Amino acid sequence: MDLIADLQARGLIQVSTDLDALSARLAEGPITLYYGCDPTADSLHVGNLIGLVMLRRFQDAGHTALALAGGATGMVGDPSGRSDERNLLDDETLGRNVAAIKRQISRVVDLEGAGELVDNRDWTEPITLLEFLRDVGKFATINQMMARESVRARLESEHGITYTEFSYMLLQANDYLWLHDHRSCVLQVGGSDQWGNIVSGVDLIRRARGTTAHALSWPLLLAPDGTKLGKTTGARTWLDPDRTSPYQFHQHFVNLSDAEVAQQLPMFSLRPLEEVRGLLEDHDVAPERRRAQRELADEITAIVHGVDAADAARAAGEVLFGGDPTVAPESAFVALRGEVPTSTFASPDALDEPIDLLVTIGLATSKSEARRLVDQRGVRVNGTQIGPDQAIRDLGLLHGRYALLRKGKQSYHLVEISSEAG
RNA sequence: GGGUCGGUACCCAAGCGGCCAAAGGGAGCAGACUGUAAAUCUGCCGGCAUUGUCCUACGGAGGUUCGAAUCCUCCCCGGCCCA
C-alpha cells in the first residue's frame, strides 16, 4: 500500500488536488511538503497535531517536511472560520509564540534531519507592496477571492471583513509559491478549513510558474455526537503542559466517544494501519473497556509529553477511575498533585479525626455534611470505605506520605503528609 | 396617592397558633446500577461544643400569647387594579 492509499484509508484525505498525479510524483522519489500554522497563541492544540503527525508520516516515508510558523500571517489573521476580525498580535508576542511552538513541533517532527521549521515572516517582511502587487496580486482575481467561503461568510456578516484579512489568502498563497521556488516544495497539507487558502497557492504556482503543485486536506474532527465540530466549539486541548497538563491531555483522548475514537485513532496514530484496524475491531467487541481510547491516549501523550509523563498520566487516571490506589506508583500521585485539590499537612495527626479532616480540606462544608457522607458510605480513603469512627491513619499512607480521599465517584482530594509543610 | 394580593430554605411552591427545621417539585450530594455515558431506583438535603424539651431560620423591626411562619402594629420590597 502506498502512502496516499494509507492516508485515504485513515480518513485523512477529504479534498485534494489530483491524487493520481500526486501518487505518481511520490513514486518518482522523495518530495518536500509543508504544513503551516499561525502562532496566534504560545501553544498549539490537538487540532494542529494532525498536521504535525501528517508531516511525520511523510518523513517516515522518506520525504522532507517543512513546518511553517506563520509569523507574518499570524500578524494579519486568517478570516477562515471566524465571524469577526482578529486582534493583531505585536512583534514581541509573535516572536515568543513562534519559539514556544517550535519546541512542540520538534517533539513530533524531526527538524534536524529531513525537516525544517520555517517562518513566513522571513520572506514576507522584505517584500515591498509594489512587488507583492506585481508578483502575486496580478495572478489573483477579486472575483475568485470573493467567491471563497471564508470571505463570503464574512461579507454577509455584520462585522464585514477588512482589507487586511481579505489579503490573508494571498499571503498564504505566496508562502506556497516561495517554498515552491526556494525549497522545491510541491505539496501543502492542512485541515479542510484551510482548503480555500491552500488552493489559492496551488493556483498561484500554476499561473506564475506554469507548474503543478499538489494539495490535500483532512476533515474536521467530529464532535462527541458524531456531528461536525466547529472551529470555535469545544474546549481546546493544548500541547503546552502548562496550559493542559499531561494528565488532562491524556484524559482528553481517554474521554473520546466511540464515534470520535473511530475517526481519530486512524488519523492520529502512527501505528501501521493493520494494527489500528485490529484495535478498533477489538474495541467494538467490548467498547466499555475503552481500549481504543486508552491506546490512543497512551500513544499520543507519549509522543507529545514523553513516555514517562504518559505512564504517570495513565496511572493517575487509573487511580481516579476504578483502579486500586494502593498499588499505584508514586509517579501517579505526583501527577495527581495539582489535578485534584491537594492539602499538605506536617503531621499524620491530621488524619485522626476524619470528620474534621473532611471539613478542613473542603470536601464537606460542615461537620453535619461530613458525618452524613461518612454514614452514607460516601467517603473512601485509598479505595477503602471508611466508617464514622475510623481513623484514616490506620489505613496507612501510600508511599509514606499520600492519602487519597474520595467523595462519591468524582470528587477527590489528595492529602500529603510532609515535614516541609508549615 | 388609594385599593388589593403577595414576599417561606439554592429555585419554584404548600402551610395560616403547638404534632414545623417547615408538605410537594426542581436543583444539589451520596448509595445501587453503569463504559470516566444517559436513564432509573433508594437515601440525604440549616448548624453544632453537650444531636438536644439546643441554636439559627419563614421580607425587617416591634408586640399579643404558656407557645407565632401562622394573630396585631409599623416599615421595606414585588404583582395587579383605581387615580
Side-chain angles (χ1 to χ4, degrees), chain A residues 46 221-227 229 233-235 237 244-265 279-301 309-328 332-333 335-341 349-350 352-390 392 404-414:
Chain A
V46 285
L221 297 183
L222 296 178
D225 57 4
T227 59
L229 184 71
T233 56
T237 301
T244 303
S245 70
Y247 167 75
Q248 289 162 352
F249 185 85
H250 187 266
Q251 281 288 306
H252 165 86
F253 288 98
V254 172
N255 278 318
L256 291 178
S257 71
D258 295 336
E260 287 174 301
V261 81
Q263 181 201 26
Q264 294 184 26
L265 179 64
L279 202 50
L280 285 175
E281 279 168 25
D282 286 353
H283 179 77
D284 281 341
V285 175
E288 70 279 3
R289 291 179 56 206
R290 289 180 181 265
R291 173 104 193 276
Q293 284 92 334
R294 291 179 206 281
E295 294 281 350
L296 177 61
D298 289 353
E299 181 184 351
I300 301 302
T301 307
D311 286 344
R314 173 165 28 73
E318 282 166 5
V319 166
L320 256 40
F321 298 103
D324 180 0
T326 60
V327 298
F333 293 96
L336 233 42
R337 202 162 48 187
E339 298 303 337
V340 301
D349 294 347
D352 285 341
E353 277 300 329
I355 302 299
D356 290 337
L357 180 66
L358 286 171
V359 175
T360 305
I361 64 180
L363 216 47
T365 55
S366 69
K367 291 194 175 187
S368 300
E369 187 186 325
R371 286 193 196 95
R372 215 176 288 131
L373 286 167
V374 173
D375 286 344
Q376 289 180 142
R377 302 275 135 174
V379 178
R380 287 167 186 271
V381 175
N382 296 339
T384 305
Q385 282 184 333
I386 61 166
D389 299 316
Q390 193 160 11
I392 295 173
L404 183 67
L405 276 69
R406 172 181 167 193
K407 179 183 86 162
K409 294 186 260 212
Q410 305 280 6
S411 307
Y412 284 89
H413 197 105
L414 186 64

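Fair warning: this is a prediction, and the values are worked out from it, not measured in the lab.
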Among Asp352(A), Val381(A), Val379(A), Leu358(A), find the residue that satisfies the side chain to side chain contact (heavy atoms under 4.5 Å, CB included) test when tested with Ile392(A).
Val381(A)
Using the C1' atom in both, what is the distance from C16(B) to U70(B), to the nearest Å?
5 Å
Whole-angstrom distance between G18(B) and G2(B), as gauged at atom C1'
39 Å
Scoring nucleotides 29-37 of chain B by protein non-hydrogen atoms under 4.0 Å (B base, S sugar-phosphate only, - none) yields SSS-B-BBS
Watson-Crick or G-U counterpart of A9(B), or none if no pair lies under 3.5 Å
none
Any side-chain N or O of Ser366(A) less than 4.0 Å from the OP1 or OP2 oxygen of C48(B)?
yes
Taking atom types as modelled, find out whether Asn382(A) and Thr384(A) have a side-chain donor-acceptor pair closer than 3.5 angstrom.
no
Nucleotide paired to C41(B) in any strand shown, Watson-Crick or G-U, under 3.5 Å
G31(B)
Counterpart base for C74(B), defined by Watson-Crick or G-U wobble contacts under 3.5 Å:
G60(B)
Which residue pairs satisfy the side chain to side chain donor-acceptor pair (under 3.5 Å) criterion with at least one member in residues 354-370 of chain A, sequence neighbours excluded?
Asp356(A)-Lys367(A), Thr365(A)-Glu369(A)
Starting at atom CG of Asp375(A), determine the distance to atom C1' of G43(B), rounded to an integer number of angstrom.
12 Å
Rounded to whole Å, the CD1-P distance (Ile355(A) to C48(B)) equals 11 Å
Trace of the side-chain contact (heavy atoms from CB on, under 4.5 Å) decision for Leu414(A) with Arg337(A)
CA-CA 7 Å; Leu414(A) 186 64; Arg337(A) 202 162 48 187; 4.2 Å; yes
Going by an N to O cut-off under 4.0 Å, is there a salt bridge joining Arg372(A) and Asp375(A)?
no
Atom C1', compared across C41(B) and U53(B): separation rounded to whole Å
38 Å
Inter-nucleotide C1' distance (A57(B), A22(B)), Å rounded
10 Å
Checking base pairs now: Watson-Crick or wobble, both atom distances under 3.5 Å. What partners A49(B)?
none
Checking N1-N3 plus N6-O4 or O6-N4 for Watson-Crick, or N1-O2 and O6-N3 for wobble, each under 3.5 Å, the partner of U4(B) is G79(B)
Quote, to the nearest angstrom, the P distance that separates C20(B) from G46(B).
15 Å
At what distance, to the nearest 0.5 angstrom, does CD of Gln248(A) lie from OG1 of Thr301(A)?
11.5 Å
Taking the same atom, P, in G59(B) and in G15(B), what whole-Å distance lies between them?
15 Å
Paired with Phe253(A), the side chain to side chain contact (heavy atoms under 4.5 Å, CB included) test is passed by just one of Thr237(A), Val46(A), Val261(A), namely Val46(A)
Considering every strand and a 4.0 Å limit on heavy-atom distances, what is the contact class for Arg291(A): base, sugar-phosphate, or nothing?
nothing
Hunt down the Watson-Crick or G-U wobble partner of C16(B), both distances under 3.5 Å, from any strand shown, or write none.
none
Taking only the P atom of each, what is the distance from G17(B) to A68(B) in whole angstrom?
14 Å
Distance check, P atoms only: A21(B) and C58(B), in whole angstrom units.
14 Å
Short side-chain donor-acceptor distance under 3.5 Å, Asp258(A) and Gln293(A)
yes
